[in-house]
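Only one structure is covered here, and it is reproduced in the block below.
Position 1 is the first residue of the sequence; numbering continues from there.
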Amino acid sequence: MSAQVLVSRPRFDTHAMSGEQHPKTNEVAVNTGMFSSSGVATAGYRTAKYTTEEWFQNNQSKYFQAFADRDNAENIRHQSKKMSSETEATTMRTQSDSTKKLGERLQDIFFWKSELQREIEDLTSETDLLLGQKTRLEKALDATEIPQAIATDNLQCRERRVGSDLVKDSVEVELLNELDLIQSIQELLKRTLDQAINQIRSNREDKQTLELDWSDKYEAYNIDDKCGRYSNQSTDIQYHMNSAKFQDHISHPESWTEFTRQNISNAVRERLTSIDLRGLIDKVIQDTADDLRDQCAAVDRALAKRCEEMNTAKVKMEQHLDSILNQIGAQEKNIAALHQAIRDKEAPMKVAQTRLYDRSFRPNMELCRDHVQLRLVNEAGEITESIESLQRKYEEAKQSLSNMEDTRMMLEKEISNKLHSLFIDREKCMTHRTRYPTVIRLTGY
């Protein structure tokens, strides 16, 4: 056994430990007494043997050390048990609070996910309704091509009128107004159709944004729901050392809520705009259809009035033509009678002239200008004047007959033109206009 100074281990007082005081240290035992080896001859050295007192002291220190260790161990066990209970309670409380927070978070996510779902459904329904209005616009725009073709064909047909009937009348004015109206309506429908297409694109973009947000929340809800179902008895839990660190670019509850609220607000704004646009489309389609039908009625009235005027003019001309034909027949008879009257004057003229001629051969004093001679000369002059008057009247009658023939030809031509114009307006234009689209078709149905 090596020579060394025996030093006892620190002794801990359990009462002092419970009072949170530092353990006190035992003093080192020294060799004292009559048999100690602290003589002058052994100064600075230790003997290889201990004294009995030292042995007792050493045992005593061992007892104290065992007692201190036992007391310390008991204290540590007590504190450990208390700490385990406290940490267990703290851990369970923290875990319960985390589970509660997860539940609250799930409620928030479910609320906003439901709001997103509702707005997605509303926006989808609104987009479908707007697509229906877009289809109506396209059909209404296509339907305007028929009135345009009819009006153009009417104008082209009426260009084939001849003579004095080729006039810019009220029908042509209404047809030109109809073409201008159709062009204006087509431009309006095209602009409205472009607005509808742009609005549909905006609705779909906002719907896609909402769907992406909803998809993120759906995934986050499933993740948090899975996390909320974890317990200490779960078999799929493990250590993730760096999971407690905050991730970069992480959002905050305020920004998270504001992001979804802003997306919904944008979608609501676009949906309300879409509703207003649908109302505008309804009004535009209805107004344009009414305007087209009103203008169609105006053209039809103008055509009917023009046909009535044309028919009245034709009837009057036919009446005048009948009168002219009657006059022509009477004048021809009159000319024949005048011609016969002139020929009838030839014999009396020959008689008178023969008498005068024969009496010019009376001899000598018998060649007298007696009352017979005077009467014969007057008779010849009267017959000559009668022939000349009849001849003048004959020429007047022939001229009148020629004029009436020209008038007859003119009336017949005008009647033919009127018939041609009536055929164009009635058989061509008015018949073609019966194919005019109805209000239902013009409104896109």
Is any side-chain N of the basic residue among [X] and [Y] closer than 4.0 Å to the acidic one's carboxylate O?
X      : Y      : answer
Lys190 : Glu187 : no
Glu211 : Lys207 : yes
Glu119 : Arg271 : yes
Glu172 : Arg161 : yes
Glu309 : Arg306 : yes

If you round to the nearest 0.5 Å, how far is CZ of Arg136 from CZ of Arg278?
11.0 Å
Using the six-membered ring of Tyr218, assess whether NZ or CZ of Lys113 lies under 6.0 Å from its centre and within 45 degrees of the ring axis.
no
Sequence neighbours excluded, the answer for side-chain hydrogen bond (donor to acceptor under 3.5 Å, both in side chains) partners of Gln233 is none
Using the test side-chain hydrogen bond (donor to acceptor under 3.5 Å, both in side chains), find all partners of Asp225 that sit at least two apart in sequence or belong to another chain.
Arg229
Check: Ile264 and Trp112 side chains under 4.5 Å, non-hydrogen atoms:
yes
For residues Asp165 and Asn417, is any side-chain donor paired with an opposing acceptor at under 3.5 Å?
no
Can Arg362 and Asp370 be said to form a salt bridge (Lys or Arg N to Asp or Glu O under 4.0 Å), step by step?
CA-CA 12 Å; Arg362 289 177 297 168; Asp370 52 8; 3.6 Å; yes
